Trainee: 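I have a structure here, written as structure tokens, and I will follow up with some questions on it.
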Amino acid sequence: MARRVAVIGAGAAGLCAARHLSARPDQFVPTVYEQTDRVGGTWVYTDRVGTDEHGLPVHSSMYKNLRTNLPKEVMAFPDFPFDSSLPSFVTHQEVLQYLEDYTDHFQLRKHIQFLTKVDTVKPVTSADPTLWEVTVSRVGEPEKTTTQQFDAVMVCNGHFSEPYIPEITQASLFEGISLHSHDYRSPEPFVGMDVVILGAGSSGLDIALDVSRVARRVVLSHDRPMVVSELPTNLIQSPGIKSFRSRTVEFKNGEELDADAVIYCTGYNYSFPFLTLECGVWAERGRVSPLYKHIVHTTHTTLSFIGVCARICPCPQFHLQVQFAMAVLDRSLVLPPKEDMDKDVERDYVERLESGMAPHHAHVLGNKQWEYHIDLARLAGCQPLSKALHSLHVGVLSDRATNLHYSVPYIPAIPGADLFQGRTIHSHEYRTADDFHGKNVVLLGAAASGQDIALEISTTADQVVLSHSKPPIKSQLPPNMKQAPGVECFKAPKTVRFKNGEEFEADVFMFCTGYNYHFSFLTPECQLSVQHGRITPMYKHLVHTSFPSLSIVGICCRICPFPQFDRQVLFAQAVLDGSFKLPSKEDMEEDIRRDFHRRLEAGKPPHHAHEMGEEQWEYNNELSNLIGLDPLPKAVELVYKGVHHERVNNLQWYKDGQYEITGPESWRKLE
């Protein structure tokens, strides 16, 4: 007879449980209880804070501008990838749509009871194994309850809904805005303010960056090692908070700040209010016990918890945890005796404390998650996760640690910038034109991003000024978009003065001014010099002259990237396998000097040391020739030049064109 399993919550973990349980209808019959009217759990965004329309606490912690801090490639369930057309770092709307698609693909809605609140879960201990009485009520009608008996319960209600706020001396005296990140929705309420963000976990870092776009100043207060990534100019770091006064925040180093708002990004408490005392579950700050392998109750092994671990790739882990719990239920996995499981739980906890972890990090995994996943898959007898997930996750964390924006914007110094009271952002932070409705916007820089963003913003803004020092764009522009010389200075409160003496009242100033090269993971011993727009000493813009086993692929700009990467990687390979013998170190450095001075003599600025443009084709052919490869097809160069001509003369509509390569040296534009 199939076992009846109650699943509490229809977020990612609950949907994963329903997917695997329902796939084995001869053994399991899932019933999923969800107290809202849709799937998605914390990924369901709402403007509301506090309580929802039914008077229940708002479950979601989403904010308007949230994008995932892990790429979709490591977030997806192993048996259901994200849409490949999406970017790696997706929005909360795209994650929610993914979960909706997952629900429909596996036909899970028929197993879900929406607008149903779980009131109590009580063990029937006279049975062996333990059975469960689950009492639920219809949301809005708490007096109408029903009780059913289940063979097992999977708790999947998440752990991002009950805020944890630390006790800080005289916090009640603070007269500014005070809220937890759970109630943060958008940066707009903090325009022009001085804001303190307490906590530098994922939410603290992300919200600090989000608020910095509109706030006057943001202080990221925490007791962790300093964030080494480049940060916005109005975002600084300080130690944790010591105390408050009316509008003053005192930090642990004795410094003080007059603050308008404090946002607590201090994590959450585990909360299972529906579990009765007879369940024997203890949920202290950051620790739920007694859970074997962070999943199964050591006394009542038919009670499992999916998703209590933190700092993980969530969906892949849920995928394994559910299968582990199912292996316990169908008895394909024979658990150790209760005493041994309890010892394992205690041993894991003590090892964490001895390694310096805080008591409330009892379920924090981080890099330990990969060994944990292997252990679960082995015990449950299921397919292990791809090793590629591990390597990609490590790479992303490394990039995040050293480069929080995933690239480092370059913002030139302009006199009076501190006087400008409008919104200032870099194109790196630009996402959509919707934020600029009816605004007067100045964009500084007329390279590809400046031109493209100016055109996009012109569809919603009142006026757009594209400020640059290049030759004027000849193409027809939208009627509300004009060009101006570079910016001379800012004048309070919202005046931008251009180099021809004209002035413009701007609501928003956007820097489309490019990026800095950034390799903070390379130690000084690597002997790499990184200046604005120039990396030395790199032979052929690629190989370190002192350490030829160190190569940097992709530093050139204004290129067709993928074809050039192909040549560069093959060149670096030829150096490594010895099939191409490099010149002497002295000759390579002379080649670098010659190339740089040639650029300067041609009138290029020093920061264009790796800019290619039309030179890329000769460069690509040189790389191919040096390592004995056929050159790239001539047609690639011809299409590039043809599209560039279209862009110069038809900026607004050139992307509507369709092109086809018809032969090694031929192409055509499709009508």
Side-chain angles (χ1 to χ4, degrees), residues 3-22 28-44 46 51-61 99 103 108-125 127 129-162 268-283 288 291 295-297 299-308 318 321-322 325 329:
R3 299 168 179 83
R4 298 186 65 215
V5 183
V7 177
I8 302 175
L15 294 173
C16 183
R19 175 261 181 277
H20 287 286
L21 291 165
S22 64
F28 301 104
V29 179
T31 299
V32 183
Y33 295 116
E34 170 55 48
Q35 73 176 18
T36 70
D37 61 357
R38 65 185 303 182
V39 302
T42 196
W43 293 100
V44 178
T46 174
T51 57
D52 64 16
E53 63 272 27
H54 304 291
L56 296 173
V58 169
H59 183 79
S60 177
S61 297
L99 295 176
T103 302
L108 304 180
R109 293 187 194 277
K110 61 188 177 185
H111 301 291
I112 305 173
Q113 295 186 19
F114 292 103
L115 293 172
T116 303
K117 179 177 179 289
V118 177
D119 295 318
T120 61
V121 174
K122 182 178 180 180
V124 181
T125 54
T130 304
L131 300 176
W132 300 91
E133 287 185 356
V134 178
T135 300
V136 302
S137 59
R138 185 74 178 167
V139 169
E141 300 176 291
E143 70 283 353
K144 296 181 180 179
T145 64
T146 58
T147 300
Q148 295 189 62
Q149 193 169 91
F150 291 89
D151 298 290
V153 173
M154 288 189 180
V155 179
C156 307
N157 68 327
H159 54 91
F160 297 113
S161 60
E162 184 175 296
Y268 294 84
N269 294 313
Y270 292 102
S271 179
F272 313 105
F274 42 81
L275 297 181
T276 64
L277 290 175
E278 294 92 331
C279 294
V281 175
W282 291 270
V288 184
L291 298 185
I295 303 172
V296 173
H297 195 295
T299 301
H300 307 301
T301 56
T302 51
L303 174 63
S304 57
F305 294 74
I306 308 301
V308 301
F318 301 162
Q321 288 183 325
V322 167
L329 295 178

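Just so you know, residue 1 is the first one in the sequence shown, and it goes up from there. Given the structure is predicted, the values throughout are model-derived calculations rather than measurements.
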Trainee: With under 30° as parallel and over 60° as perpendicular, where do the rings of W132 and H300 fit, or are they tilted in between?
Mentor: perpendicular
Trainee: Side chains of Y270 and V308: does their closest heavy-atom pair fall under 4.5 Å?
Mentor: yes
Trainee: Using 0.5 Å steps for rounding, measure from the CG atom of L291 to the CH2 atom of W282.
Mentor: 10.5 Å
Trainee: Between T103 (side chain only) and L99 (backbone N and O only), is there a donor and an acceptor less than 3.5 Å apart?
Mentor: yes
Trainee: What heavy-atom pair brings V124 and T130 nearest, and what distance separates the two atoms?
Mentor: O-CG2, 3.8 Å
Trainee: Which atom names give the shortest non-hydrogen contact between M154 and A17, and what distance separates them?
Mentor: SD-CB, 3.7 Å
Trainee: So how far is it from T42 OG1 to F160 CZ, rounded to the nearest 0.5 Å?
Mentor: 7.5 Å
Trainee: Calculate, to the nearest 0.5 Å, the distance between atoms CG and NZ belonging to L277 and K122 respectively.
Mentor: 11.0 Å
Trainee: Between D52 and H54 (side chain of the first, backbone of the second, donor and acceptor by atom type, cut-off under 3.5 Å), is there such a pair?
Mentor: yes
Trainee: OG1 of T36 to CG of L56: how many Å apart, nearest 0.5 Å?
Mentor: 10.0 Å
Trainee: With no hydrogens and no angle check, is any side-chain donor or acceptor of S60 less than 3.5 Å from a backbone partner on V44?
Mentor: yes
Trainee: Any side-chain heavy atom of V153 within less than 4.5 Å of one from V5?
Mentor: no
Trainee: Does L108 form a side chain to side chain contact (heavy atoms under 4.5 Å, CB included) with S22? I'd like the steps, not just the answer.
Mentor: CA-CA 8 Å; L108 304 180; S22 64; 3.7 Å; yes
Trainee: Got V288 and F272 here, is their nearest side-chain heavy-atom distance under 4.5 Å?
Mentor: yes
Trainee: Applying side chain to side chain contact (heavy atoms under 4.5 Å, CB included) to H111 and T31, what does each step give before you reach the verdict?
Mentor: CA-CA 5 Å; H111 301 291; T31 299; over 6 Å; no
Trainee: Report yes or no: do D119 and S137 form a side-chain donor-acceptor pair below 3.5 Å?
Mentor: yes
Trainee: If only side-chain N and O atoms count, and only distance matters, is there a donor-acceptor pair under 3.5 Å linking Q148 with R4?
Mentor: yes
Trainee: Find the distance between OG1 (T120) and CG (L275) and round it off to the nearest 0.5 Å.
Mentor: 9.5 Å
Trainee: Could you tell me if the side chain of L21 sits less than 4.5 Å from the side chain of V7, heavy atoms only?
Mentor: yes
Trainee: Evaluate the side-chain proximity of F114 to V139: yes if any heavy-atom separation is below 4.5 Å, no if none is.
Mentor: no
Trainee: Are R3 and F28 side-chain neighbours, meaning at least one heavy-atom pair lies under 4.5 Å?
Mentor: yes
Trainee: Mind running side chain to side chain contact (heavy atoms under 4.5 Å, CB included) on F274 and N157 for me, showing each step along the way?
Mentor: CA-CA 11 Å; F274 42 81; N157 68 327; 3.7 Å; yes
Trainee: Is there a side-chain contact between V32 and Q113 (heavy atoms, below 4.5 Å)?
Mentor: no
Trainee: Please check if the side chain of Q321 supplies one atom and the backbone of G307 the other of a donor-acceptor pair under 3.5 Å.
Mentor: yes
Trainee: What I'd like to find out is whether the side chain of T125 reaches to under 4.5 Å of the side chain of E278, using heavy atoms alone.
Mentor: no
Trainee: Quick one: does any side-chain atom of S161 pair with a main-chain N or O of H159 as donor and acceptor, under 3.5 Å?
Mentor: no
Trainee: Has E162 got a side-chain atom pairing as donor or acceptor with Y268's backbone, closer than 3.5 angstrom?
Mentor: no
Trainee: Please list all pairs passing the salt bridge (charged side-chain N to carboxylate O under 4.0 Å, His left out) test where one or both residues lie in residues 143-152, with sequence neighbours left out.
Mentor: E141-K144
Trainee: Using the rule given for side chain to side chain contact (heavy atoms under 4.5 Å, CB included), can you reason through V118 versus Q35, listing the C-alpha separation, both sets of side-chain angles and the distance that settles it, and then say yes or no?
Mentor: CA-CA 8 Å; V118 177; Q35 73 176 18; over 6 Å; no
Trainee: Tell me the closest heavy-atom pair linking G14 and C156, and the distance in Å.
Mentor: N-CB, 3.5 Å
